[in-house]
Amino acid sequence: MGDNNTLGEHNQPTPGRKLATVVVPLLGLVAVIVGLIVAFSNQSTDFGFVAYAPLSDTLFLGNGVTMVSQASQVGLAVTVLGLLMLAFWAGLATGRRR
């Protein structure tokens, strides 16, 4: 015990901090789950590509090309934001304990 502590003094978090310790990780987790559902439920993107060079008599077919739909991009962005929110909360909670 330090010299500056008085009897009955406890560092209790304020009600706003208690709410933030519950809401922030829940919002982050919900954002990750929703983002993954949106990103991986819209995988049917129709895309065709054929190129013909008239002077060389060769035909290029882009079979290995994978296109990501706009809904998948938004879902992945929401997932990343949720992961950043969880990382921020974890760092804050770890720093607050010390």
Side-chain angles (χ1 to χ4, degrees):
M1 298 282 182
D3 294 331
N4 296 330
N5 290 343
T6 60
L7 186 62
E9 179 182 343
H10 298 288
N11 291 331
Q12 301 249 343
T14 61
R17 284 191 180 180
K18 286 182 183 179
L19 183 66
T21 58
V22 174
V23 171
V24 172
L26 285 179
L27 284 177
L29 189 62
V30 167
V32 169
I33 291 171
V34 168
L36 287 174
I37 289 171
V38 170
F40 292 115
S41 66
N42 295 330
Q43 291 198 0
S44 62
T45 302
D46 296 330
F47 180 75
F49 181 78
V50 175
Y52 174 70
L55 299 176
S56 65
D57 292 333
T58 59
L59 183 66
F60 172 74
L61 295 172
N63 292 334
V65 177
T66 303
M67 300 300 287
V68 180
S69 68
Q70 187 174 5
S72 293
Q73 290 174 355
V74 169
L76 291 174
V78 169
T79 301
V80 168
L81 287 175
L83 288 173
L84 286 173
M85 189 180 299
L86 286 173
F88 173 76
W89 172 79
L92 193 64
T94 303
R96 193 177 292 157
R97 279 190 224 146
R98 292 183 183 171

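Keep in mind that this is a model prediction, so the values were computed, not measured.
Hydrophobic cluster membership of V30, counting Ile, Leu, Val, Met, Phe, Trp and Tyr whose side-chain heavy atoms lie under 4.5 Å apart directly or via other members: V34, V38.
Across every non-hydrogen atom of S72 and A39, the tightest pair is OG-O, 3.0 Å.
Put simply, L29 and I37 are part of the same group of oily side chains (I, L, V, M, F, W, Y) that touch within less than 4.5 Å, one to the next.
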Show the atom names and distances, to 0.1 Å, of all donor-acceptor pairs under 3.5 Å that link a side chain in residues 75-90 to residues at least two apart or in another chain.
{"from": "T79", "atom 1": "OG1", "to": "L36", "atom 2": "N", "distance (Å)": "3.2"}
{"from": "T79", "atom 1": "OG1", "to": "G75", "atom 2": "O", "distance (Å)": "2.9"}

